[in-house]
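All values below come from the heavy atoms of this structure, side chains included, with hydrogens, waters and symmetry mates left out.
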Amino acid sequence: MTAFSLSPEAAAPRLHVARRTLDRLRSVPALAPHYPAHLDAGSLDALAQLPPLAKVDLNTALAHLEPAAEQSATWLFQSGGSTGAPKVGYAPTGFYMASVHAHWQPLDRTDLFVNAWGAGRMWGAHFLAAALADLSGCRIIALGSVAKDEYGAWLELLAARRVTAIGGTPSVLRLWFAHARSAGIRLPALRKVLWLGEAWQPQLDADLAEVAPEARRWGMFGSTETWVVGTNTPDCPAEVFHPLPHQLVHADPGGLLDFTALDPEMLNPVLRYRTGDAGELTDCPCGRPGPAMRVLGRRDSVVQVRGLGLDVDELIERAERAPGVARAQVVLTERDGRATGVDLLVVTAGTVAVPDVERLRTELFTATCTLGTAFQHDPWAFRVRPVDELVSNGRTGKTAALVVREES
């Protein structure tokens, strides 16, 4: 039996949504050849025979279908990550959060919640979190993006107001808690940290232990194409999520995850859609019954450098294990599609000894086969550079692991 998050019996009453989505995709001229008449979505076994849907295919479908909500406004959001060109995803007012809140309730009426996801310019997470807060009936501070010189004043306010919950992408949360730790500001009332948009970063645990020792993490997994697929609680490992009943998760033999929306209100035609995440279905140590989804990282974190695959996540993980390094980021410079250099930007840990940059460069260069081979004739093209801040998206505040720059 193919690995799905729902049993055939649990999926059967919802598969009419998958069949409708298949019909919608067949109506797109450019995609119709992908779905010959003998293919169906009437069972999980039949669904497993359908070709996976890539991001480019979904964008083609959305451009043709231009979906609209039945009973509310239709919101258009950017998809494609921090460094990608805007690609449009659709959602109705409410962003499907009522069905999420029915199964996952990290906030309650007693909470004062800080929404620290960036707002505006087609970025969806801020509004999604606001919808969750609305359903929870809590008090909310819609803070959004904050400039570097504003953290101190806002942190003082959050401490004075005894904020109990905060939410954001892990890279943004690290900025908040790193500033608090550096300034000696404590948030003793903070009990809940909500996150979505990136993998949880273990360095956050160390910062939280200092700044907000009572805080526990509550995670959501999803994308602007799928919206929220699964959630976890403080009792779950950070990389394990419980899929929602209207989200069908499939793990293929190669270790890639794909997602099928079984919510009849879903506007995006999500049918075996691949986000690029690798993973597996497993049991969760929290004890909750049913298959959980372990996310093992993005397969698209491997970037081609002079014909060789460089695992960006692995390089950053190695760098952040080095003494004195708090955060790291890879900047790939290209000219006419060819890599001319790789810069590893590192932010120092502040209270720890400053890293030995040249030693770190040598260790990474010799330990990472791709770097040593790709730049064997120009080893100076790989550099490690200490910086005060990593390159981030000024609109969302997200900090991507990889930044690609075109050299003129």
For [X], enumerate each residue passing the side chain to side chain contact (heavy atoms under 4.5 Å, CB included) test, keeping only those at least two apart in sequence or located in another chain.
X	answer
R383	D343, R385
Q203	R174, Q201, E320
A41	A18, R19, L22, L47, L50

Can you name the residues that form a side-chain hydrogen bond (donor to acceptor under 3.5 Å, both in side chains) with [X], not counting sequence neighbours?
X	answer
R359	E363
R24	none
R361	E358
E239	R294

task: Enumerate the residue pairs fulfilling ring pair (Phe, Tyr, Trp, His ring centres under 6.0 Å) with a member in residues 311-349, sequence neighbours excluded, ordered by first and then second residue.
output: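 For residues 311-349: none.
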message: Tell me which pairs pass ring pair (Phe, Tyr, Trp, His ring centres under 6.0 Å) where either residue lies in residues 131-151, with sequence neighbours left out.
response: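 Sorted result for residues 131-151: Y151-W176, Y151-H179.
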query: In Å, rounded to the nearest 0.5 Å, how long is the span from CG of D313 to CG of L402?
result: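 Spacing of CG (D313) from CG (L402) equals 9.5 Å.
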message: Assess the residue pair W195 and W200 against the criterion (ring pair (Phe, Tyr, Trp, His ring centres under 6.0 Å)); give the C-alpha distance rounded to whole Å, side-chain angles, the decisive distance to 0.1 Å, and a yes or no.
response: CA-CA 8 Å; W195 54 286; W200 181 259; 5.4 Å; yes
message: Do V28 and L65 have side chains that approach each other closer than 4.5 Å (heavy atoms only, starting at C-beta)?
response: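 They are in contact (side-chain heavy atoms under 4.5 Å apart), so the answer is yes.
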query: Can you check whether P234 reaches W218 side chain to side chain, under 4.5 Å on heavy atoms?
result: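 In contact.
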- prompt: Within a reach of under 6.0 Å around CD of E70, are more than 12 heavy atoms found that belong to other residues, nucleotides or ligands?
  reply: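 Incorrect, the count does not exceed 12.
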field: D378, CG: over 12 other non-hydrogen atoms inside 6.0 angstrom
entry: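 Atom CG in D378 is packed in, count exceeds 12.
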Could you tell me whether [X] and [Y] make a salt bridge, using a distance below 4.0 angstrom between a side-chain N and a carboxylate O?
X	Y	value
E334	R405	no
D111	R191	yes
D108	K192	yes

Of all residues at least two apart in sequence or in a different chain, which pass the salt bridge (charged side-chain N to carboxylate O under 4.0 Å, His left out) check with [X]?
X	result
E317	R321
R274	D252
D149	none

- request: Could you walk me through whether E225 and S223 pass side chain to side chain donor-acceptor pair (under 3.5 Å), step by step?
  value: CA-CA 5 Å; E225 297 85 14; S223 69; 2.9 Å; yes
- prompt: In terms of ring plane angle, is the pair W227 and F95 parallel, tilted or perpendicular, where the classes change at 30° and 60°?
  reply: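 The arrangement is parallel - the two ring planes meet at less than 30°.
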message: Run E407 and T333 through side chain to side chain donor-acceptor pair (under 3.5 Å) and show every step you take.
response: CA-CA 6 Å; E407 190 176 62; T333 304; 5.8 Å; no
- prompt: Looking at L332, V312, V330, which one forms a side chain to side chain contact (heavy atoms under 4.5 Å, CB included) with V305?
  reply: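 It is L332, the one option of L332, V312, V330 that forms the side chain to side chain contact (heavy atoms under 4.5 Å, CB included) with V305.
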